[in-house]
Amino acid sequence: MFEFYTLLLFCIIAAFIAVETRNLLSAVICVGAIGFGGSLLFLFLRAPDIAITQIVVEVLGLVILIRATISRDITFISGDREFFGTVVSVVIIFVIFLAGIIVFKTIPPFGTPVFAQVPDSASQTYISTGLEKTGAANLVASVILDFRAYDTLGEATVLFTSIIGATVILRRRAKKKLEEPDA
Amino acid sequence: MLYALCFLLFMIGLYCAVVKKNMVKIVIGIMIMEYAVNIFLIMLGYRFDGVAPIVGKSELAEQINSVTAAFVNTAVDPLPQALVLTSIVISLGSLALMIAICIRTYERYGTFDITEIRRLRG
């Protein structure tokens, strides 16, 4: 229990600094701290596959974010903040937080998951018959590549779509050809 | 209590995405929310003294290709782990898309401030 509280508090402190600091580069580095703390948390929560994936994704995401912020640090948000709007949004967020605390009382406490109490739940079936049906020793791999392979296909589709979108937005050549007749 | 801390992390991300005026800060807020949701979903499947859902040599039962009852009763939930794996990879794709939009906007307007961008062109 102790390690979960420590790592979550570390993540929350890093999130506070990332939100409130003025320097964009240090904000990005604090996001990296949240990601690596989360990766350690996954390792303690007995999810090694997630921890490995999180580290890889975190490194790539940090590279992308630093590409966006390096040498562009000149943006200073001047101008008075709308005090009223900030207060209203903080109050609304606090109310949502209190409602969430009430909702968390209705779900089973930490460490006693729902699926263990239902005899024939999907997760219980995957654990007991996954090896027999798919031959994979890693049950997470057997779920994503066999029981729910269409999910993984959809994930690949979404990933390629977003990459195509990013390349279209960042492309330079075709855009100039379109703009020249106008000018 | 751990769930509440997770929710607090989510709320920090929500505050950042709603209140801040810097585009990169908004992207950072969305990323913090993604982390919080992923950690919460993994926490839902954890059980005390659980083992990772990977079958080792000692968990194999007498019959061929079946696991012992002890493993069935102690393994953590593999289903949220598989779905969160998908969600993490997709969040990388959406992050690349958002940052691409931010870089384009900066090249065009020379600022990350969303109120400035609104003021320059309709």
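We name chains A, B, ... by the order of the sequence lines, and we start the count at 1 in each one. Heavy atoms only: backbone and side chains are in, while hydrogens, waters and symmetry mates are out. Small disclaimer: the values here were computed from a predicted structure and weren't measured.
- Residues A:N138 and A:D49 form a side-chain contact, since some pair of their non-hydrogen atoms from C-beta on lies under 4.5 Å apart.
- Looking only at heavy-atom pairs under 4.5 Å with chain A, the residue among B:L44, B:V76, B:L79 that has the most is B:L79.
- No more than 12 heavy atoms of other residues, nucleotides or ligands lie within 6.0 Å of OH in A:Y150, so this atom counts as exposed by the packing criterion.
- Between A:E20 and B:K25 there is no salt bridge, since no side-chain nitrogen of the basic residue lies less than 4.0 Å from a carboxylate oxygen of the acidic one.
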With ring pair (Phe, Tyr, Trp, His ring centres under 6.0 Å) as the test, would you mind laying out the steps for B:Y46 and A:F4 before giving the verdict? CA-CA 12 Å; B:Y46 181 75; A:F4 300 136; 5.5 Å; yes
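- Side-chain atoms of A:T106 come within 3.5 Å of backbone atoms of A:V103 as a donor-acceptor pair (strictly under, hydrogens ignored).
- Residue contact with chain A, scored on non-hydrogen atoms closer than 4.5 Å, involves the backbone and the side chain of B:I101 alike.
- Comparing A:I107, A:I163, A:D151, A:T112 by heavy-atom pairs within less than 4.5 Å of chain B, the highest count is held by A:I107.
- Defined by atom type and a distance below 3.5 Å, a donor-acceptor pair is missing between the side-chain atoms of B:N22 and B:D113.
- With a 4.5 Å cut-off on side-chain heavy atoms, B:F40 and B:F10 do not count as touching.
- Both the backbone and the side chain of B:N38 come within less than 4.5 Å of a heavy atom of chain A.
- For B:V89, the parts lying near chain A are the backbone and the side chain together; criterion is any non-hydrogen pair under 4.5 Å.
- Considering only heavy-atom pairs separated by less than 4.5 Å from chain B, the leading option among A:G35, A:A136, A:G38, A:A122 is A:G35.
- Of the atoms belonging to B:Y35, it is side-chain heavy atoms, and not backbone ones, that fall under 4.5 Å from chain A.
- Proximity to chain B involves both the backbone and the side chain of A:V19, based on heavy atoms less than 4.5 angstrom apart.
- Proximity to chain B (any heavy atom under 4.5 Å) is restricted, for A:V90, to the side chain, taken from C-beta onward.
- Both the backbone and the side chain of B:M11 come within less than 4.5 Å of a heavy atom in chain A.
- In this structure, B:Q81 contributes its side chain and A:R46 its backbone to a donor-acceptor pair below 3.5 Å.
- Using a 4.5 Å cut-off between heavy atoms, A:Y126 contacts chain B through its side chain alone, with no backbone atom that close.
- Chain B forms the most heavy-atom pairs under 4.5 Å with one residue out of A:I64, A:T53, A:L9, A:L45, and that residue is A:L45.
- A:S89 places none of its side-chain heavy atoms less than 4.5 Å from the side chain of B:Y15.
- For A:L8, the part sitting under 4.5 Å from any heavy atom of chain B is the side chain, from C-beta outward, and nothing else.
- With a 4.5 Å cut-off on non-hydrogen atoms, A:I127 touches chain B through its backbone and its side chain both.
- Centroid-to-centroid, the aromatic rings of A:Y5 and A:F10 stay 6.0 Å apart or farther.
- When each of B:L14, B:D77, B:L95 is checked for heavy-atom pairs under 4.5 Å with chain A, B:D77 comes out on top.
- With chain B as the partner, the residue from A:G85, A:A141, A:A166 showing the most heavy-atom pairs under 4.5 Å is A:A166.
- Nearest heavy-atom pair, B:I32 versus B:L9, reported as atom, atom and distance to 0.1 Å: CG2-O, 3.6 Å.
- Heavy-atom distances place the side chain of A:L41, and not its backbone, under 4.5 Å from chain B.
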Pair B:M43-A:F42, side chain to side chain contact (heavy atoms under 4.5 Å, CB included): steps then yes or no: CA-CA 9 Å; B:M43 271 183 181; A:F42 289 142; over 6 Å; no
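- Per-residue heavy-atom pair counts under 4.5 Å with chain B were compared for A:V168, A:V143, A:I93, and the maximum is reached by A:I93.
- Between chain B and the residues A:I101, A:I92, A:V57, the most heavy-atom pairs under 4.5 angstrom are made by A:V57.
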